[in-house]
Amino acid sequence: MRKPIVAGNWKMNKTVAEAVDLVAGLKRGLGEIGEVDVVLCPPFTALKAVGEEISGTQIDLGAQNMHWEKSGAYTGEIAAEMLRELYCHYVILGHSERRQYFHETDEIVNRKVHAALESYLRPIVCVGESLEEREAGREKEVVEKQLRGSLAGIEKGRWIDVIIAYEPVWAIGTGRTATPQQAQEMHAFIRGVLREMVDAGVAAAVRIQYGGSIKPENAAELFGQADIDGGLVGGASLKAVSFVEIVKAALRPAAGGAV
Ligand code: PEP
């Protein structure tokens with residue numbers, strides 16, 4: 001059974017004080033939610049404070065990016081071990097904003113995925129097509145290429161630590177959500193690609209989040225789809241009330257099989 005996972009991507013939002021405030025609201029609202037993995041991905045500057053606030057709870061910490069090298073002359077970058085030192089267990093990689101504004105290619109994302117796994121960080125690897133690509137009917141081709149490039153060369157035993165986030169670019173921060181049917185179709189397609197890349201066991205076991213304008217009003221229907229295992233949430237993760245509602249929408253019997 002796949003355990004749902006809901007992650008909040010705070011992007012470049014929240015000072016340390018605001019982050020601590022948000023976590024206090026989340027702890028009050030979430031209580032004990034053992035059936036869903038909940039991950040908070042604040043900006044680097046708030047990782048330590050958020051880590052301290054969630055210590056002893058079931059909430060986990062994630063970063064929004066990292067470099068693939070272990071250390072060195074890479075001004076402005078952060079290495080996997082630095083994230084581990086702050087008790088991060090997850091890292092978002094290849095978010096469409098990184099791909100678009102910082103020119104991250106599948107090859108770069110792939111290097112980061114390997115570096116993350118080497119340091120025992122679970123990568124949340126984002127894939128998704130643009131509006132133009134969907135309108136041209138190329139969405140599956142684009143997502144398959146991203147999957148094969150970003151996830152190349154992972155040892156079979158490590159796949160269980162990989163989370164894929166399907167985030168159609170046209171749905172991120174736009175208020176326009178993929179319909180549950182559109183999302184389910186792509187998630188099922190992604191499992192098909194994983195079956196070809198690795199095998200049926202891995203395809204059935206890897207968790208695939210949906211991301212793109214998830215809100216309390218649409219979360220339950222999206223999470224109710226057979227191949228959707230929770231969500232990567234941007235805007236609605238910045239307020240305790242909406243994020244708590246979204247996490248609660250993921251409290252459902254997990255679909256699918258085990259390795
Ligand atoms: C995201 O950035 O990963 C995201 C899904 O953003 P939003 O929920 O705001 O669309």
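Positions are given from 1, in the same order as the sequence printed here. Predicted model only: the values in this text are computed from it and were never measured. One-based numbering, in listed order, for ligands and for the atoms of each.
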Among protein heavy atoms, which lies nearest atom 2 (O) of ligand 1, and at what distance? K11 NZ, 2.6 Å
For atom 9 (O) of ligand 1, what's the nearest protein heavy atom and its distance? G235 N, 2.8 Å
Between E245 and S242, is there a side-chain donor-acceptor contact under 3.5 Å, judged purely by atom types and distance? no
Could you list which atoms of ligand 1 come closer than 4.0 Å to a heavy atom of G234? 4 (C), 5 (C), 6 (O), 7 (P), 8 (O), 9 (O)
So, regarding A236 and ligand 1 (criterion: nitrogen or oxygen to nitrogen or oxygen, under 3.5 Å), is there a contact or not? no
Determine whether any heavy atom of A171 lies closer than 4.0 Å to an atom of ligand 1. yes
Sub-4.0 Å atoms of ligand 1 with respect to non-hydrogen atoms of L232: 3 (O), 5 (C)
Smallest separation among heavy atoms of H103 and I108, with atom names: O-CD1, 4.1 Å
Could you tell me whether the side chains of E129 and Y166 share a donor-acceptor contact shorter than 3.5 Å? yes
Just to confirm my output: which protein heavy-atom neighbour is closest to atom 3 (O) of ligand 1, and how far is it? E167 OE2, 2.7 Å
Value rounded to 0.5 Å, distance of OG in S119 from CE in M66: 6.5 Å
What part of I172 sits under 4.0 Å from ligand 1 if we count only heavy atoms: the side chain, the backbone, both or neither? both
What atoms of ligand 1 come within less than 4.0 Å of a heavy atom belonging to G212? 5 (C), 10 (O)
Would you kindly say whether R111 and S150 are connected by a side-chain donor-acceptor distance under 3.5 Å? no
Main chain of D227, side chain of Q184: is a donor-acceptor contact present, judged purely on distance under 3.5 Å? yes
Would you call E141 and R138 a salt bridge, using N to O less than 4.0 angstrom? yes
Within-cut-off N or O pair, G173 and ligand 1, under 3.5 Å: yes
Quick test: of every protein heavy atom, which one is nearest to atom 1 (C) of ligand 1, and how far off is it to 0.1 Å? H95 NE2, 3.2 Å
Sole residue of L232, D60, L61 in side-chain contact (heavy atoms from CB on, under 4.5 Å) with V39: D60
